[in-house]
Structures are given as C-alpha cells and as structure tokens.
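Below: one structure, written as structure tokens.
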Amino acid sequence: MAASPEPRLGGGFPGSPRTARCWWRLAVLLLSVCSLPGAAGLVEGLYCGTEDCYDVLGVSREAAKLEIARAYRQLARRYHPDRFRVEEPGLEGETKESAQRRFLLIVTAYETLKDEETRRDYDYMLDHPEEYYQHYYTYYRRQLTPKVDVRIVILVTICAISIFQFYSWHSSYNEAINYLVTVPKYRIQATEIARQQGLLNRTKEKGKNRRSKEEIREQEEEVIRDIIKTKIDIKGGYQKPNLSDILLCQIVLFPYYLTTYLTWYASWVYRFTICREEYGEEEKLYLIRRHMKMSQSQFDSLDENTSQSFMEKQLWIKENYELHRKDQEEEMKVKMATDPRMKRYRRWMKNEGPGRLTFVDD
C-alpha cells in the first residue's frame, strides 16, 4: 500500500485549493507593497509632481535664493505666454500649450524653493522618499492653512460686530427720543423746565443777528430734545447706548465680570445659605426677577407700582410666585374668553380660518 503524501507547511497539499489561495494572497500583498507611492519620492500632486523642482529651474540644491530668483526670471521670460516665441533658440518643438504648461511648472518650482520652510520640507521629501504619507500631510496642511492669522480675522470680526451693535443701539435710542418729543405729556413738561431755566426766553434781535422763525423753532426743538434726553431714563432695548455693553468690551472685561460673579455667588451662599440671613430689598427683587426669568433691563423697565406689588405679594418666595403665576394664567384665560375681539377671532378661525379658499372680496 502506497504511503500517503505528507502535508506541507500551512496545512495544505501540493496543488490543493487552500495552497493556491495562500500563494494568491501573497502575490497580491507583494504587488501592493511594490506599488506604494512613497517609494518613488516624486509623485504627482506634490510640489512639482514627478519632476525635480531644482532641475526645473536648472539650479543645484545648494543654490542661494538670489540664484534661484535669477533662474526663475530667465525662464519666465522665455516661457511666459505673452512672450513665448517659437523661433527662439532652444524652443524648437515647443507649442504654445506646452510652453504654458512649462511656465506653470516653473512658477510652482519657484514658489516651492523661494520660501525657506517650504524648501526645507521639499528637501526632506527628497532625502526621505519612504515617508510618503507624512509628506502628503505636510504639503496639504501648508496649502490649506490660511495666509492671514486666524486671530486677526477673529479680532476684525468682533470689532465689526461691535461697531454694528453700537450703531444699531444708537439708532434705536434716537428713534425713542424722536417719539418722546412728539408725546404731549413729555413735551409740555420739557417746555416748562426749559422756561424755568430761561432757555426759551425769546429776546428781540435786531440787525445782522436777527434770526428767522424757522431757526428759532429749530433751536427750541433742540432744547426740548436735550431736556427729554436728560430727564427721561429709558430702559430696555431703547436705552442709551453704553460702550461697556458692546461685544468687544464684554470680551475684554470678561475676566473682571467672572471674578465679580464668583465673589458675589460665594457671598450669597455664605450669607443666605450658611448664616441664614434675612433677604434685603435688593436680594428680594433679584429673586423675583429670577423667578420670572427676566433680564435686568426688562425688569428695570417695569414701573414702580408693579415692582411694589410684587414685593407686597412676597413673590421672592417660590411658593407665592407659583400661586401668582397660576392666578395670572387663569385671569388671562377668563379675559380671552370674555374679550369680544378674541371671540371674533375664534369665530373667524372656526368658520374661515387661514388658507380657506373663498371668492368673497375683502
């Protein structure tokens, strides 16, 4: 009886399918390793592609910047699309399209070698062609890095936003003043104050100093406007613009604000949580504002009677505020149910509603 063939290393027999698959995988692996782009060093897409930037300019690797610039100018004059001439010596066989491609390659070589950092990276790639992926990362990181410092861009953006913010704020404040000047209540009070201060006493003017009625009226309007600006404290979104509230100043003063807040918070915890002190009027108003989720400017815009009613109802206590909020909601529901305008609105929503197709003229 013939002896059976001994199995080879790998667990397969000669000519078996398993052995064929192992040899196939080994061949694919060797082919992949041999085709790695890092072995060539000069590859398409990096710097001058498959050509050496030094050879493109016709200089050695030890050439100085002045020599590189001189070589670039000479080649640029020959291959520039506007100066290219086929009849020039040394350009036999060149076409306008090939000369243009050559000019772009010359420009790329010069841009690569004129900068010290880029030239150092390029020399490192020539000396270490096996580190292909590192060269690829270095090249595209330099290409995609913004030419302008990001910090300068951020600073300019913040300044532009701050200028727009202050201009918009100032426009809203002037709009509010222009409206208050037309309100009879404030206008009469401002006129009375101006008369008491002697700002509206008309004196008879003669000769060249005599003004027209329009000029006198404009001056009186300006006096009334200035008094309203001085006497009326506008709160909310139409208040007088303040430089410390714009974005740039807020960012600059952020460390100060943060330190102040941490100090205040630590003091609050120590006084009212640890020592159990009684709340003062300022602390009570703060708790009321926090319960209502209102900003400081919104809360300041409320009249004194409203703030006093909040204090009388002791709304700084959470339970009292919850009862007050529920009462307000019930009152609003009753008002909406009994208001004739709300009834007409509900009737319109039920019968007509938005988007209903109708041929009735408005």
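This chain uses plain numbering: 1 for the first residue, then up along the sequence. Quick caveat: nothing in here was measured; it's all calculated off a predicted structure.
Scored by the salt bridge (charged side-chain N to carboxylate O under 4.0 Å, His left out) test, E330 finds no partners at all (sequence neighbours excluded).
Between the CD atom in Q314 and the CD1 atom in I288 there is a gap of 9.5 Å [rounded to 0.5 Å]. Taking OH of Y186 as the start and CD1 of I227 as the end, the distance is 15.5 Å to the nearest 0.5 Å.
Heavy-atom neighbours of E282 CD from other residues, nucleotides or ligands within 6.0 Å: at or below the threshold of 12. In Y140, the OH atom is crowded: over 12 heavy atoms of neighbouring residues, nucleotides or ligands sit closer than 6.0 Å. Counting non-hydrogen atoms of neighbouring residues, nucleotides and ligands closer than 6.0 angstrom, the NZ atom of K318 exceeds 12 such neighbours. No more than 12 heavy atoms of other residues, nucleotides or ligands lie within 6.0 Å of CD in E304, so this atom counts as exposed by the packing criterion.
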- Audit row: L75, V56, side-chain contact (heavy atoms from CB on, under 4.5 Å) steps and yes/no: CA-CA 9 Å; L75 293 173; V56 171; 5.6 Å; no

- Query: So Y54 and S60, side-chain contact (heavy atoms from CB on, under 4.5 Å) or not? Walk me through it.
  - Reply: CA-CA 6 Å; Y54 292 100; S60 63; over 6 Å; no

- Message: With side-chain contact (heavy atoms from CB on, under 4.5 Å) as the criterion, how do M125 and L46 come out once you've worked through the C-alpha distance, each side chain's angles and the decisive distance to 0.1 Å?
- Response: CA-CA 10 Å; M125 186 187 75; L46 295 184; 4.3 Å; yes

- Query: Stepwise, does the ring pair (Phe, Tyr, Trp, His ring centres under 6.0 Å) test hold for Y257 with W264?
  - Reply: CA-CA 10 Å; Y257 291 143; W264 170 86; over 10 Å; no

- Task: Take N320 and H324 through the side-chain hydrogen bond (donor to acceptor under 3.5 Å, both in side chains) test and state the conclusion after the steps.
- Result: CA-CA 6 Å; N320 296 345; H324 171 75; over 6 Å; no

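Salt bridge annotation for R187-E221: present, with a cationic side-chain nitrogen under 4.0 angstrom from a carboxylate oxygen. For the pair R102 and E51, the salt-bridge criterion is met [side-chain N within less than 4.0 Å of a carboxylate O]. Comment: D55 does not engage R61 in a salt bridge, judged by the lack of any side-chain N to carboxylate O separation of less than 4.0 angstrom. Under a 4.0 Å N-O distance rule, the pair E67/R70 does not qualify as a salt bridge.
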Enumerate donor-acceptor pairs with a distance under 3.5 Å from any side-chain N or O in residues 268-279 to protein atoms, sequence neighbours excluded.
from	atom 1	to	atom 2	distance (Å)
R271	NE	E277	OE1	3.2
R276	NE	T273	O	3.4

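In plain terms, the two heavy atoms of Y47 and T108 that are nearest each other are O-CG2, 3.4 Å. When all heavy atoms are compared, the tightest approach of C48 to L105 is O-CD1, 3.7 Å. Between D245 and Q165, the closest heavy-atom pair is O-NE2, 3.7 Å. Here the closest non-hydrogen pair linking T182 and N178 is CG2-O, 3.5 Å. Shown here for I317 and H291, the closest heavy-atom pair between the two residues is C-NE2, 4.4 Å. Pairing each heavy atom of H135 with each of H128, the nearest pair is NE2-O, 2.5 Å.
N174 and Y179 form no side-chain donor-acceptor contact under 3.5 Å, judged by distance and modelled atom types alone. Counted by atom type alone, S98 and T95 present one or more donor-acceptor pairs between their side chains at under 3.5 Å.
Two residues are said to be in side-chain contact when any heavy atoms from C-beta on lie closer than 4.5 Å; F103 and P81 meet this criterion.
A side-chain hydrogen bond (donor to acceptor under 3.5 Å, both in side chains) with E131 is found for one member of Y136, Y124, Y137 and no other, namely Y124.
Annotation: Y72 is in aromatic contact with Y110 [ring centroid separation under 6.0 Å].
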